[in-house]
Structure formats: C-alpha cells, structure tokens
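Residues: numbered from 1 along the sequence shown. For clarity, every value in this text was computed on a predicted model and none was experimentally measured.
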Amino acid sequence: MFAAGEPPLEITESLHRLKNPPFRHLVADKNGIVLQAAGEFVVGDKLSREQMKTCLPIYVNESVVYAKSIGDANITAEDRVYLEAVKEALINGASLSLICSLVLGLSFGNSLSRTLNTLTRAIRKLKESSEEVHHVSVSSNDELGELAESFNEMNMELACAHRQLRELSTKDPLTNLYNRRYFNEQAKNQLEQSARYAQPLSIMIGDLDHFKLINDMYSP
C-alpha cells in the first residue's frame with residue numbers, strides 16, 4: 001500500500017519511461033488513485049468502481065497498478081513508417097500465400113481430375129468388354145493409387161475368369177475340340193461378313209465314321 005500520488009520507485013521509473021508513449025495510458029493504484037494522468041483525469045483523481053473494472057492490472061515486482069488506454073494513439077512519424085512496412089509485409093505475405101494456394105490447388109485438382117478420368121474410361125471399357133485387360137497407370141501412394149491397383153487386379157481376374165468360362169462353353173472337355181456352340185458363333189460371324197462385303201461363302205462338312213469307337217477307347 002502506498003499514499004496517493006507517491007508510487008514506489010520502480011513504478012515511478014516505469015512511468016517516467018512512458019513520458020511520451022505511443023498510446024496514452026491512465027495508471028491508477030489499488031485504491032483507484034490516478035498516478036499517470038490521461039484524458040480528462042489528472043494525478044490524484046480517484047476512479048470509480050466501474051472505471052476500475054475497465055482497467056487491466058500490471059504487476060511491477062511486488063506492486064500492482066491498473067492501467068487503461070485513453071484517447072487516440074500518439075503515433076510518431078517513425079511509428080507510421082514502421083506500421084506501413086508491417087502492413088505492406090502482411091499484404092504481400094497474404095497475397096503470396098493465396099497465389100501459392102491457388103497454384104497448388106489447381107495442380108492437385110488437375111492431377112486428381114486426370115486420374116479419375118482415367119479410372120472412369122477404364123471402367124467403361126471394362127463394362128464393354130470384360131475379356132480384355134484395361135490397365136490403369138497411377139503412380140501415387142494415396143487412396144487413388146490403391147484404388148487403381150485394386151482395379152487392375154480385379155480386371156486381370158475378370159479377364160482370366162472370362163477366358164476360362166468361354167473355353168468351357170465352346171470346347172468339349174473330353175476331346176478339347178470346339179463344340180456346336182462355337183460352330184454356331186463362327187458360322188454367324190462368317191455369314192454376316194459375307195453379306196456385308198458381298199463375298200461368296202463356302203462351308204465344308206466332314207463325317208468321321210465309327211467315331212463312337214474313339215470315344216469308347218479314349219474316354220475315361
């Protein structure tokens with residue numbers, strides 16, 4: 001506790017250093033006695049409780065005072081130059097960050113779009129023909145790379161399964177010769193080509209006598 005208008009030495013020195021501060025501050029002690037005048041207040045005035053609530057405590061060693069900024073900022077020419085430099089640096093930094101973000105966003109977006117378009121085209125081709133292999137080249141370690149790798153594996157398995165099913169449906173399992181289904185497919189294709197190009201078509205049919213003896217001899 002100290003008398004009104006007689007602050008401790010350390011507070012007096014601190015106030016002396018604020019002789020011409022960039023901002024005007026009102027400083028009061030615990031009891032609300034004004035130690036540093038500002039605005040309409042003079043040294044020795046007493047602040048009300050409501051006014052004390054708007055002040056911020058400042059601790060100097062073991063003493064405490066309460067300060068509040070009052071009035072407009074007392075900015076010097078050097079301060080204005082410094083603030084303008086800071087403002088310009090912030091604007092330039094924000095502009096550069098925005099440009100970098102846009103460039104990176106467009107680059108990543110284009111890369112993502114190309115990858116998705118590649119996957120979409122491959123899926124459409126797979127729907128048209130599941131027997132062919134449609135490999136998707138995606139060199140990335142993210143989720144799109146894993147998706148492309150899974151698609152390639154699935155495509156290989158589907159193509160292999162499709163070829164196996166086609167062989168089972170067109171070949172005789174005992175003799176490994178093409179069956180009636182394969183003959184009908186090939187005959188249909190040849191007839192269509194003959195009609196399209198106006199070319200004659202010949203069919204040769206052979207008959208193997210006693211083929212039952214071969215079945216009985218070589219069948220399991």
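- Of all heavy-atom pairs spanning S194 and P200, the tightest one is OG-C, 4.0 Å.
- Put simply, the side chain of S95 gets close to the backbone of I91: a donor and an acceptor are under 3.5 Å apart.
- The two residues C55 and K68 come nearest to each other via the heavy atoms SG-CB, 3.8 Å.
- Residue I203 shares its hydrophobic cluster (ILVMFWY side chains chained together at separations under 4.5 Å) with I205.
- A distance of 10.5 Å separates CG of L165 from CG of L158, quoted to the nearest 0.5 Å.
- Scanning for salt bridge (charged side-chain N to carboxylate O under 4.0 Å, His left out) contacts around E185 gives R166, with sequence neighbours left out.
- In the hydrophobic clustering, L201 connects to L191, either directly or through intervening members, whenever side-chain heavy atoms lie under 4.5 Å apart.
- The main-chain N or O of V42 is found under 3.5 Å from a side-chain atom of D45 such that the two form a donor-acceptor pair.
- Of all heavy-atom pairs between S169 and N179, the closest is O-ND2, 3.1 Å.
- Annotation for M52 and K30: closest pair CE-O, 3.9 Å, computed over non-hydrogen atoms.
- Minimum heavy-atom separation, L35 to V43: O-CG2, 3.7 Å.
- Y66 approaches D29 most closely through the heavy-atom pair CD1-O, 3.7 Å.
- In the hydrophobic clustering (ILVMFWY side chains linked at under 4.5 Å, chained through shared members), L98 is joined by L102.
- Under the side chain to side chain donor-acceptor pair (under 3.5 Å) criterion, S150 pairs with no residue, sequence neighbours left out.
- Counting heavy atoms from C-beta on, the side chains of Y82 and K87 never come closer than 4.5 Å.
- The closest donor-acceptor contact from the side chain of Q51 to the backbone of S48 lies under 3.5 Å.
- To the nearest 0.5 Å, the span separating CE on M154 from CD on E149 amounts to 13.0 Å.
- Under a 3.5 Å cut-off, the side chain of N92 and the backbone N or O of E88 do form a donor-acceptor pair.
- Screening residues 181-200 for ring-ring contact (aromatic ring centres under 6.0 Å, His included) gives Y178-Y182 as the qualifying pairs, with residues at least two apart or on separate chains.
- For the side-chain contact (heavy atoms from CB on, under 4.5 Å) criterion with L47, the lone passing option out of I33, N31, V34 is V34.
- By the criterion of side-chain heavy atoms lying less than 4.5 angstrom apart, applied directly or through intervening Ile, Leu, Val, Met, Phe, Trp or Tyr residues, L83 is grouped together with L90 in one hydrophobic cluster.
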